[in-house]
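Reading through the structure tokens given below for one structure.
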Amino acid sequence: MELEGARTLVVGAGGGVGAPLSRALVEAGARVVGTGRDPGSLDERVPGLEAVLALDLLDVTAARAAVDEAAERLGGLDVVVVASGIAGFGAVEELDDAVAEQLVAVDLLGPMTVCSAALAHLADPGQLVVLSAILADQPMAGMAAYSATKAGLSGFLQALRKEVRRRHVGVLDVRPPHMETGLADRAIAGEPPRMPAGYDVDAFVELVLRGMREDSSELVWDPREKGLVLR
Ligand SMILES: NC(=O)c1ccc[n+]([C@@H]2O[C@H](COP(=O)([O-])OP(=O)(O)OC[C@H]3O[C@@H](n4cnc5c(N)ncnc54)[C@H](OP(=O)(O)O)[C@@H]3O)[C@@H](O)[C@H]2O)c1
């Protein structure tokens, strides 16, 4: 995907990953519309956004409307990035139903809805870039619900890739390891287990952009290489 001039929507543009990724996209010459739940400060965090839209993924109707509005503002869409997400911790035995519901809504149903809505607007060639997690491949005790949403999202993206291959729509499933973005501290429930040292966010963003440029399908942790690899 050529990023210069790419009409791009970033859902969760103010996040620990979303903000540096959006800034890198703007620097690469993409035309970026960003979303946040409280979009007030987004312009400061990501200078150069073409527009800022309010979006809470708990509302799937609003998610579809935000994709439509971004497409209208940009005159179509070449790239849609889903960089939003929440974490939740705790043993399955103590799983709170409301917490599970919120994790599924924000981390699985929300991204699925954004991808579905985007297909009506994506150009040929177009690209979907979605943040899943290493937990899709390596689920962890104490993080079962969060792991399940990420594994579910990864499965959704695999099936979607098969559906759109004739349309020249690329699907990049990004499954990073732990990074020090503060996601775990903002968890909606429980305490995070001890995490390894976080992967460098700037290096990660650089790899995502490379994957986008090279039309990769996955950015994943390779246990043999002990590093992130593009496929
Ligand atoms: N950080 C890690 O260690 C790590 C590892 C693997 C995968 N990931 C995944 O990477 C993605 C980004 O994580 P991050 O580290 O950047 O987390 P973060 O810094 O906490 O950012 C989370 C983003 O999600 C948005 N968000 C949260 N709840 C939302 C909702 N209800 N509706 C719409 N947007 C919502 C936030 O938007 P607001 O601006 O509105 O708050 C923010 O932009 C997530 O999918 C996460 O699961 C992260």
Side-chain angles (χ1 to χ4, degrees), residues 9-24 32-46 49 52-67 70 81-89 98-99 101-115 128-140 143 145-154 156-157 172-189 192-205 207-208 218-221 228:
L9 167 65
V10 181
V11 173
V17 170
L21 182 54
S22 300
R23 285 195 293 269
V32 182
V33 168
T35 81
R37 280 172 298 179
D38 175 10
S41 63
L42 250 188
D43 273 331
E44 281 163 37
R45 300 200 65 192
V46 188
L49 287 176
V52 166
L53 304 177
L55 173 59
D56 188 327
L57 287 173
L58 290 172
D59 180 348
V60 285
T61 310
R64 286 195 183 273
V67 175
V81 180
V82 183
S84 51
I86 52 174
F89 305 104
V99 168
E101 209 171 310
Q102 199 175 336
L103 284 169
V104 171
V106 176
D107 288 347
L108 180 57
L109 186 56
M112 283 168 50
T113 307
V114 169
C115 289
L128 289 163
V129 182
V130 183
L131 274 277
S132 172
I134 190 174
L135 295 175
D137 304 307
Q138 300 175 30
M140 275 181 71
M143 300 172 73
Y146 178 65
S147 300
T149 66
K150 294 301 188 180
L153 183 56
S154 213
F156 174 85
L157 296 172
L172 175 53
D173 176 5
V174 181
R175 305 202 289 278
H178 173 62
M179 293 173 284
E180 309 289 351
T181 61
L183 171 76
D185 305 325
R186 287 185 282 279
I188 59 168
R194 264 164 60 117
M195 303 273 188
Y199 195 88
D200 182 77
V201 179
D202 292 331
F204 168 71
V205 164
L207 279 170
V208 175
E218 298 182 317
L219 176 56
V220 291
W221 187 260
L228 281 170

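Both counts, for ligands and for their atoms, begin at 1 and track the order of listing. Side chains are part of it too, since the values below use all heavy atoms of this structure and drop only hydrogens, waters and symmetry mates.
In this structure, Tyr146 counts as a contact residue of ligand 1, since one of its heavy atoms falls inside 4.0 Å of the ligand. In this structure, Ala83 counts as a contact residue of ligand 1, since one of its heavy atoms falls inside 4.0 Å of the ligand. Residue contacts with ligand 1 include Pro177, since one of its heavy atoms falls under 4.0 Å from the ligand.
Every atom of ligand 1 with a heavy atom of Gly16 under 4.0 Å away is listed here by number and element: 16 (O), 18 (P), 19 (O), 21 (O). Within ligand 1, the atoms closer than 4.0 Å to a non-hydrogen atom of Gly36 are 40 (O), numbered from 1 in the order shown. Each of the following atoms of ligand 1 lies closer than 4.0 Å to a heavy atom of His178: 3 (O). Under a 4.0 Å criterion applied to the non-hydrogen atoms of Leu55, ligand 1 contributes the atoms 32 (N), 33 (C).
Shown here is Glu180, whose CD atom has more than 12 heavy atoms of other residues, nucleotides or ligands within 6.0 Å.
The shortest distance between side-chain heavy atoms of Arg186 and Ile86 does not fall below 4.5 Å. Side-chain contact between Leu53 and Val33 is present, with heavy atoms from C-beta onward closer than 4.5 Å.
Remark: side-chain polar atoms of Asp56 are not paired, donor with acceptor, to backbone N or O of Asp59 under 3.5 angstrom.
Across the listed options Gly85, Pro39, Ser132, Ser22, Ser132 owns the non-hydrogen atom lying nearest to atom 7 (C) of ligand 1. When the heavy atoms of Asp107, Leu57, Val82, Val174 are ranked by distance to atom 32 (N) of ligand 1, first place goes to Leu57. Nearest to atom 29 (C) of ligand 1 by heavy atom, out of Arg186, Arg37, Lys150, Gln102, is Arg37. Distances from atom 10 (O) of ligand 1 to the heavy atoms of Val114, Leu131, Leu21 show the closest one on Leu131.
Ligand 1 has a nitrogen or oxygen under 3.5 angstrom from a nitrogen or oxygen of Val17. Looking at Ile86 next to ligand 1, no N or O pair under 3.5 Å apart turns up. Residue Pro176 has no nitrogen or oxygen atom sitting less than 3.5 Å from a nitrogen or oxygen atom of ligand 1, judged on distance alone. Distances between N or O atoms of Ala13 and those of ligand 1 include no value under 3.5 Å.
Ranking protein heavy atoms by distance to atom 21 (O) of ligand 1, first place goes to Gly15 CA, 3.4 Å. Nearest protein neighbour of atom 45 (O) of ligand 1, counting heavy atoms only, is Ser84 O, 2.7 Å. Closest to atom 48 (C) of ligand 1 among all protein heavy atoms lies Leu183 CD2, 3.6 Å. The protein non-hydrogen atom at the shortest distance from atom 3 (O) of ligand 1 is Met179 N, 2.7 Å. Of all protein heavy atoms, the one closest to atom 14 (P) of ligand 1 is Thr181 OG1, 3.6 Å. Summary of contacts: the protein heavy atom closest to atom 31 (N) of ligand 1 is Asp56 OD1, 2.9 Å.
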